[in-house]
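Have a look at the structure below before the remarks.
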Amino acid sequence: MTRLYLIGFMGAGKSTVGNEIAGRLGVPFIDLDDEIESRASQAVKEIFSTRGEEHFRALEREALLAVTAIERAVVACGGGVVLRDDNRVTLKSTGTVVYLKVSAGEAIARIGDADTRPLLSGAGGGLAATALLASREALYKAVADIEVETLGRTASEVATAVITDLEERGMW
Ligand code: S3P
C-alpha cells in the first residue's frame with residue numbers, strides 16, 4: 001500500500017474509519033478537509049461562504065496533490081473530491097481507493113447539525129443530500145477499487161471490513 005484513499009458521501013464516516021484504519025496499520029492519517037483548512041487558515045464553511053465552492057474545489061485539488069508527495073498514509077477525502085476529472089485520475093493513479101457507502105437518510109442522521117457542511121445546511125438539507133448522492137454515486141463507483149457498506153456497522157466494524165477486503169485482494 002502506498003496511499004489508501006477513503007471516498008464517499010458526507011457522513012459515511014471517512015474520518016473516523018480512516019483514523020481507525022491508520023492506527024491499526026501503523027501509518028499516518030490525513031484528513032483532506034483539515035489539510036485544506038490549515039493551508040487556507042479558514043474553516044471549510046467560511047471558505048464556501050466567503051470565496052465560493054469553486055475556490056474550495058481549487059484548494060481541494062492543491063491539497064490532494066500535496067498528499068501524493070507523502071509515501072504512506074490513510075487519507076480521508078471530502079465527499080466532493082470525485083467531482084473533478086483530474087482528482088479522479090490522481091486518486092486512481094496514486095493509491096488504493098475505498099468507497100464507504102451510506103444512504104442519504106443515514107448520512108443526514110449521522111451528520112446531525114449540518115451547519116459544518118455548507119452543501120447540506122438549511123431547511124432543504126435532506127433533499128439536497130438525496131440529489132447530491134444520486135448525482136455522485138457513479139463517480140464514487142468509477143474511481144473505487146473496493147466498496148464497503150457502512151449501514152448498520154460501527155466505525156470499528158467498517159475498519160475491519162476494509163482491512164479484511166484489502167488483505168483478501170492482496171492490496172495490503
Ligand atoms: C463536501 C464534503 C465535505 C467538505 C465540503 C464539501 C462535499 O467533506 O469537503 O463541505 O462536496 O461533499 P466531508 O465529506 O468530510 O463531510
Side-chain angles (χ1 to χ4, degrees), residues 3-22 28-68 73-88 90-91 95 97-144 146-151 153-155 158-159 162:
R3 284 157 224 95
L4 188 66
Y5 295 113
L6 300 185
I7 62 164
F9 203 60
M10 292 169 269
K14 297 167 299 231
S15 302
T16 314
V17 171
N19 233 316
E20 174 96 21
I21 294 173
F29 170 71
I30 296 167
D31 185 300
L32 210 58
D33 279 341
D34 289 349
E35 207 54 38
I36 295 165
E37 291 188 338
S38 78
R39 293 164 74 92
S41 303
Q42 227 180 353
V44 167
K45 181 184 163 189
E46 312 301 338
I47 300 171
F48 267 77
S49 65
T50 61
R51 314 193 66 172
E53 180 171 353
E54 206 173 315
H55 183 75
F56 174 80
R57 297 300 171 201
L59 295 178
E60 187 174 48
R61 170 76 188 149
E62 283 172 22
L64 177 62
L65 284 179
V67 158
T68 63
V74 174
V75 185
C77 301
V81 76
V82 295
L83 293 174
R84 287 177 61 134
D85 297 354
D86 52 4
N87 282 351
R88 295 201 300 281
T90 300
L91 290 168
V97 184
V98 178
Y99 171 28
L100 297 187
K101 297 166 77 171
V102 67
S103 67
E106 178 64 15
I108 288 292
R110 286 185 196 168
I111 289 169
D113 172 16
D115 197 42
T116 53
R117 262 69 169 210
L119 294 178
L120 300 183
S121 56
L127 281 178
T130 305
L132 264 186
L133 179 55
S135 71
R136 290 178 179 178
E137 191 126 40
L139 299 177
Y140 292 135
K141 284 177 173 286
V143 77
I146 67 172
E147 298 180 20
V148 175
E149 185 56 68
T150 69
L151 275 186
R153 286 174 161 170
T154 64
V158 175
V162 170

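All figures in this text were calculated on a predicted structure; none of them were measured in a lab. Counting starts at 1 for both ligands and their atoms, following the listed order.
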In a table with atom names and distances, give each donor-acceptor pair under 3.5 Å that connects a side chain of residues 124-133 to protein atoms at least two apart or in another chain.
from	atom 1	to	atom 2	distance (Å)
T130	OG1	G126	O	3.1

>> Any carboxylate oxygen within less than 4.0 angstrom of a Lys/Arg side-chain nitrogen, looking at R153 and E149?
In response: no
> Measuring from S41:OG to I36:CD1, what's the distance to the nearest 0.5 Å?
Replying inline: 13.0 Å
>> One thing to verify: whether E137 and K141 come together as a salt bridge, which I'm taking to mean a side-chain N less than 4.0 angstrom from a carboxylate O.
In response: no
>> Restricting to ring pair (Phe, Tyr, Trp, His ring centres under 6.0 Å), what partner residues turn up for F56, sequence neighbours left out?
In response: F48
> Taking any residue with a non-hydrogen atom under 4.0 angstrom from an atom of ligand 1, which ones do you get?
Replying inline: M10, K14, D33, V44, F48, F56, R57, G78, G79, G80, R117, P118, L119, R136
> What residues form a ring pair (Phe, Tyr, Trp, His ring centres under 6.0 Å) with Y5, not counting sequence neighbours?
Replying inline: none
